[in-house]
Amino acid sequence: MNSRMLSLGFTEKHLQEATQYEELHLGRVITQSKELYRVATATTDFLASVSGKLRHQARLPADFPTVGDFVMVDRDDNNVGNAIIHQILHRSSFFERRAAGAGNESQPIASNIDYVFICMALNSDFNLRRLERYLSISWAGGAVPIVVLTKADLCTDLDVHLQAVRSVAIGVDIIATTSLTDTGVMPLSSYIKPGKTVAFIGSSGVGKSTLINRLLGEETIATQATRKDDKGRHTTTRRELIITPTGGAVIDTPGMRELGVENADLVKTFADIELLAGNCRFADCTHTSEPQCAVLGAIMSGNLSEKRLENYRKLQKEARYEGLNAKQIEKEKTDKMFAGFGGMKNARKYIKNSPKHGPYS
Ligand SMILES: Nc1nc2c(ncn2[C@@H]2O[C@H](COP(=O)(O)OP(=O)(O)O)[C@@H](O)[C@H]2O)c(=O)[nH]1
Ligand SMILES: [Mg+2]
Ligand SMILES: [Zn+2]
């Protein structure tokens, strides 16, 4: 494996999987524009589109390639027009969001991300509830989250902020950075290395692009998507996978903030609450008013913040509704309301067959 392949994130696992596709070449999708993909291989990069068969067999948007995908293409150079993507290799992590508008079609955002840098600025952007949301999304997608606190230069009480983040980001690395100096981004470099792919997420304006520019250094800027109208700095207009000088891949991901907590596995994010719940007297404790509830106990004693519990409930609810359209959410609510009757259908039957002066007349 050459260093370019390592930088692109190719691992032995991918090479191994690729061997089952004879006469095809391993590549990685680095950008996407509608149905055209830019694919980087061991030697070069070129445009590609999907094969008729892949398109034909695709049932969901997730069945199409997305940025970060390892794919099998029919060529290793761009001598004879666009290449054809025949196969998407197994994804180690996957992020998608619900498309705007009706229906519940989702749109793939990125795949094969090892670390998600959850960027949060140490100013008014600082919000622990939003952090909990991002943590849930990262875990759910199959990547390891790292909390990156940006603009440390603007913060006079770093310790207080770090303490607050620690109480929320259980078992997660927390890093404070500033883009004002080169050394301010050093703590990030241990994650950005050959074979690894990092995605930056966080609100607009927290300094993601500035961090990425710092990591890239001026000398590599020529390889980046540059804007003609300014100093040629990397600006985010679309998702793209970028190779850093140290040989790690980063993805600047506009749109990641709209990710829903679909399929969210909140167990990791709220491990403390899950653990407490194990000590509640009742196995099905809802932590609202039950006696000997360990969760409420922790809130009383100040070991758990009420806001955290509230957010846990909110995300749980959302996770169950995520992927449903408004009408389906309504149905879900009604179903829940009539759950005691065995669902809405039975509830209707029950009402119909009830004596006139029954509880629902
Ligand atoms: N004080 C300070 N400002 C920063 C820092 N990093 C970025 N900024 C500024 O924050 C603004 C938004 O940065 P940008 O990288 O475009 O944010 P993005 O939307 O997350 O990509 C710009 O004006 C940057 O100059 C930092 O570490 N400290
Ligand atoms: Mg940006
Ligand atoms: Zn309880």
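Start at 1 and go down the list; that is how both ligands and their atoms are numbered.
When ring centroids are compared, Y21 and H86 stay outside the 6.0 Å threshold.
Ring geometry, H161 versus F126: the interplanar angle exceeds 60°, so the pair is classed perpendicular (tilted spans 30 to 60°).
Considering backbone and side-chain N/O of T150, none are found under 3.5 Å from N/O of ligand 1. Geometrically, ligand 1 and G205 share a nitrogen or oxygen pair separated by less than 3.5 Å. Below 3.5 Å of separation, one finds an N or O of T210 facing an N or O of ligand 1. The distance criterion of under 3.5 Å between nitrogen or oxygen atoms is not met by A152 with respect to ligand 1.
At a threshold of 4.0 Å, the pair R38-E240 does not count as salt-bridged, since none of the basic side-chain nitrogens sits closer than that to a carboxylate oxygen. Ion pair D125/R130 flagged as a salt bridge, since at least one NZ, NE, NH1 or NH2 atom sits closer than 4.0 Å to an Asp/Glu carboxylate oxygen.
The atoms of ligand 1 that sit less than 4.0 Å from any heavy atom of L154 are 1 (N). Per-residue contacts place S204 under 4.0 angstrom from the following atoms of ligand 1 (heavy atoms of the residue considered): 19 (O). The contact set between ligand 1 and V206, taken as ligand atoms under 4.0 Å from a residue heavy atom, comprises 17 (O), 20 (O). Heavy-atom contacts of T178 reach the following atoms of ligand 1: 27 (O) (cutoff under 4.0 Å). Near G207, meaning under 4.0 Å from one of its heavy atoms, ligand 1 places the atoms 7 (C), 13 (O), 14 (P), 15 (O), 17 (O), 18 (P), 20 (O).
Heavy atoms from other residues, nucleotides or ligands lying under 6.0 Å from CD of Q20 number more than 12. By the neighbour-count criterion of 12 heavy atoms within 6.0 Å, atom CD of E35 is sparsely surrounded, having that number or fewer from other residues, nucleotides or ligands. No more than 12 heavy atoms of other residues, nucleotides or ligands lie within 6.0 Å of NZ in K307, so this atom counts as exposed by the packing criterion.
Distances from the Zn ion (ligand 3) to the N/O/S atoms of H287 are shortest for ND1.
Remark: at the Zn ion (ligand 3), atom SG from C285 and atom SG from C293 enclose 110°, rounded to the nearest 10 degrees.
The nearest N, O or S atom of S204 is not closer to the Mg ion (ligand 2) than 2.8 Å.
Taking CZ of F46 as the reference point, atom CG of D76 lies at 6.0 Å (rounded to 0.5 Å).
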